[in-house]
Amino acid sequence: MMPSCTSSTFILLQLLLLVYLTFSSYFKVNTYAMSLPKDGSTRKLVPALIVFGDSIVDSGNNNYIDTVGKCNFPPYGRDFIGGKPTGRYSNGKVPSDLIAEGLGIKELVPPYLDPTLQIEDLLTGVNFASGAAGYDPISAQTWTVLSLTDQLELFREYEGKLKAAVGESRTSVIVSESVYLVAIGSNDISNTYYSTPFRRPHYNISSYTDLMTTSLRAFFRNYTD
């Protein structure tokens with residue numbers, strides 16, 4: 001029997017709590033770095049914002065891969081700068097842009113796959129997120145988008161580009177002192193679990209969210225290796 005809505009909601013809240021606790025533990029994001037200056041200025045509090053995730057924070061990576069999961073057409077982007085779609089799943093900016101702006105880093109976090117990126121863009125952070133991805137690898141496979149594993153591989157490539165451009169020491173500072181944003185998981189529940197036949201015959205919602213948390217732990221372990 002499928003758990004009740006209340007039970008499922010509680011399980012998902014536990015998952016979100018685990019995301020928060022694991023994120024805080026591994027990346028040691030200090031509370032001062034998340035607070036805006038009291039004088040109202042927007043001086044840079046951290047060197048960069050690094051983003052992993054799905055359509056909630058994807059700033060356009062899906063534009064550069066072979067997938068039907070794109071949003072580079074109207075009405076997306078109608079309230080964005082210039083009123084044009086950019087591959088963001090939004091009428092304007094996405095949360096990663098707003099967080100970077102709030103921290104005084106920069107106004108927009110560009111997609112890492114954008115071939116026009118300059119070294120200045122890399123120094124202040126990039127976005128590896130891919131719309132339709134999830135903790136469950138099947139979520140990304142279904143839409144042929146960047147899985148969390150793919151995103152982490154691109155992050156390793158990004159580290160290499162930083163080292164080549166500014167050296168080992170400065171790269172170490174950027175990687176260790178930046179804020180990391182991971183926003184992902186809704187596609188697993190709404191699409192992969194409830195809308196496809198791949199998982200429900202083998203998992204109830206409780207065991208499926210266990211699978212998601214296992215993937216999450218693996219992501220953070222692989223990051224720190």
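Computation of the quantities below employed the complete heavy-atom set of this structure, encompassing side-chain atoms and omitting hydrogens, waters and symmetry-equivalent molecules. The structure presented is a predicted model; accordingly, all values stated were derived computationally and were not measured. Numbers here simply count residues along the sequence, with the first being 1.
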For residues 162-173, tabulate all N or O donor-acceptor pairs below 3.5 Å that involve a side-chain atom, not counting sequence neighbours.
residue : atom : partner : partner atom : Å
T171    : OG1  : L162    : O            : 3.3
T171    : OG1  : K163    : N            : 3.2
T171    : OG1  : G167    : O            : 2.8

**Study point:** Donor-acceptor contact below 3.5 Å, side chain Q118 vs main chain T116
**Key:** yes
Review point. Between atom OG1 of T124 and atom CD1 of I119, what is the distance when rounded to the nearest 0.5 Å?
Key: 9.5 Å
Practice item. State, to 0.1 Å, how close P115 and Y64 come at their nearest heavy-atom pair, and which atoms those are. Key: CD-CE2, 3.5 Å
Check your understanding: So if you build clusters from Ile, Leu, Val, Met, Phe, Trp, Tyr with side-chain heavy-atom gaps below 4.5 Å, do L216 and F52 land together?
Key -> yes
**Study point:** For D97, all residues meeting salt bridge (Lys or Arg N to Asp or Glu O under 4.0 Å), sequence neighbours excluded
**Key:** R88
Review point. Can you list every pair that meets salt bridge (Lys or Arg N to Asp or Glu O under 4.0 Å) and has a residue in residues 59-71, with sequence neighbours left out?
Key: none
Check your understanding: Does a side-chain heavy-atom distance below 4.5 Å link E157 with L154?
Key -> yes
**Study point:** Flag side-chain contact, heavy atom, 4.5 Å: L113 against L146
**Key:** yes
**Study point:** Shortest non-hydrogen separation from P111 to G60 and the atoms involved
**Key:** CB-C, 3.7 Å
**Study point:** Residue pairs involving residues 109-118 (criterion salt bridge (Lys or Arg N to Asp or Glu O under 4.0 Å); sequence neighbours excluded)
**Key:** none
**Study point:** Side chains of D121 and Y112 in contact at under 4.5 Å (non-hydrogen atoms)
**Key:** no
Review point. Salt bridge (Lys or Arg N to Asp or Glu O under 4.0 Å) with E107: which residues, sequence neighbours excluded?
Key: K93
Exercise for review: Please name all residues satisfying salt bridge (Lys or Arg N to Asp or Glu O under 4.0 Å) with E153, sequence neighbours left out, ordered by chain then number.
Suggested key: none
Check your understanding: Say you draw a straight line from OG of S96 to CG of N127; how long is it, rounded to the nearest 0.5 Å?
Key -> 4.5 Å
Exercise for review: Examine F220 and M212 and state if one hydrophobic cluster contains both, with Ile, Leu, Val, Met, Phe, Trp and Tyr joined whenever side-chain heavy atoms are less than 4.5 Å apart.
Suggested key: yes
**Study point:** Criterion side chain to side chain contact (heavy atoms under 4.5 Å, CB included) on T213 and R217, from CA distance to verdict
**Key:** CA-CA 6 Å; T213 57; R217 292 190 187 100; 3.8 Å; yes
**Study point:** Heavy-atom side-chain contact between P137 and Q141 under 4.5 Å
**Key:** yes
Exercise for review: Under the side-chain contact (heavy atoms from CB on, under 4.5 Å) rule, collect the residues that match up with T196, sequence neighbours excluded.
Suggested key: T192, F198
Study note, to complete from the structure: Closest non-hydrogen atoms of S178 and I50, given as atom of the first, atom of the second and distance, are CB-CG1, 4.2 Å
Exercise for review: Indicate yes or no: at least one non-hydrogen side-chain atom of Y208 is less than 4.5 angstrom from one of I189.
Suggested key: yes
Review point. Under the side-chain contact (heavy atoms from CB on, under 4.5 Å) test, which residues partner S186, sequence neighbours left out?
Key: D54, I56
Exercise for review: Measure the shortest side-chain to side-chain distance between F128 and L152 over non-hydrogen atoms and say whether it is less than 4.5 angstrom.
Suggested key: no
Practice item. Measure the spacing between OG of S55 and CD1 of I184 and express it to the nearest 0.5 Å. Key: 9.5 Å
Study note, to complete from the structure: Contacts of N91 meeting side chain to side chain donor-acceptor pair (under 3.5 Å) (sequence neighbours excluded), chain-then-number -> D79
Review point. Would L98 and V109 show up in the same hydrophobic cluster when neighbours are defined by side-chain heavy atoms closer than 4.5 Å?
Key: no
Point to revise | E159 side, atom CD; L122 side, atom CG - distance, nearest 0.5 Å | key: 12.0 Å
Review point. Any side-chain heavy atom of P74 within less than 4.5 Å of one from P85?
Key: yes
Review point. Is there side-chain contact between I65 and V145, with at least one heavy-atom pair below 4.5 Å?
Key: yes
Practice item. Heavy atoms only: give me the nearest A133-G53 pair and the separation to one decimal. Key: CB-O, 3.9 Å
Practice item. Would you please say whether a donor-acceptor pair under 3.5 Å links the side chains of D150 and S147? Key: yes
Check your understanding: Do V126 and Y180 share a hydrophobic cluster (ILVMFWY, side-chain heavy atoms under 4.5 Å, transitive)?
Key -> yes
Check your understanding: Which residue pairs pass the ring pair (Phe, Tyr, Trp, His ring centres under 6.0 Å) test with at least one member in residues 75-98, sequence neighbours excluded?
Key -> F73-Y76
Point to revise | Flag for N62-S130: side-chain donor and acceptor within less than 3.5 Å | key: yes
Point to revise | Short side-chain to backbone donor-acceptor contact, S139 and A132, under 3.5 Å | key: no
Review point. Ring centroid separation for Y223 and F155, is it under 6.0 angstrom?
Key: yes
Check your understanding: Between the side chains of D210 and S207, is a donor N or O closer than 3.5 angstrom to an acceptor N or O?
Key -> no
Review point. Between G87 and C71, what is the shortest heavy-atom contact and its length?
Key: O-SG, 3.1 Å
Exercise for review: Please name all residues satisfying salt bridge (Lys or Arg N to Asp or Glu O under 4.0 Å) with D136, sequence neighbours left out, ordered by chain then number.
Suggested key: R199
Exercise for review: For the pair V94 and D58, evaluate side chain to side chain contact (heavy atoms under 4.5 Å, CB included) and give the outcome as yes or no after the intermediate values.
Suggested key: CA-CA 8 Å; V94 289; D58 183 2; over 6 Å; no
Study note, to complete from the structure: Note: A48 and I105 closest approach over all heavy atoms is C-CD1, 3.6 Å
Check your understanding: Looking at CG of N222 and OG1 of T149, how far apart are the two atoms once the value is rounded to the nearest 0.5 Å?
Key -> 6.5 Å
Review point. With S215, which residues qualify under side chain to side chain donor-acceptor pair (under 3.5 Å), at least two apart?
Key: none
**Study point:** Option passing side chain to side chain contact (heavy atoms under 4.5 Å, CB included) with Y193 (candidates I138, D188, N187, I205)
**Key:** I205
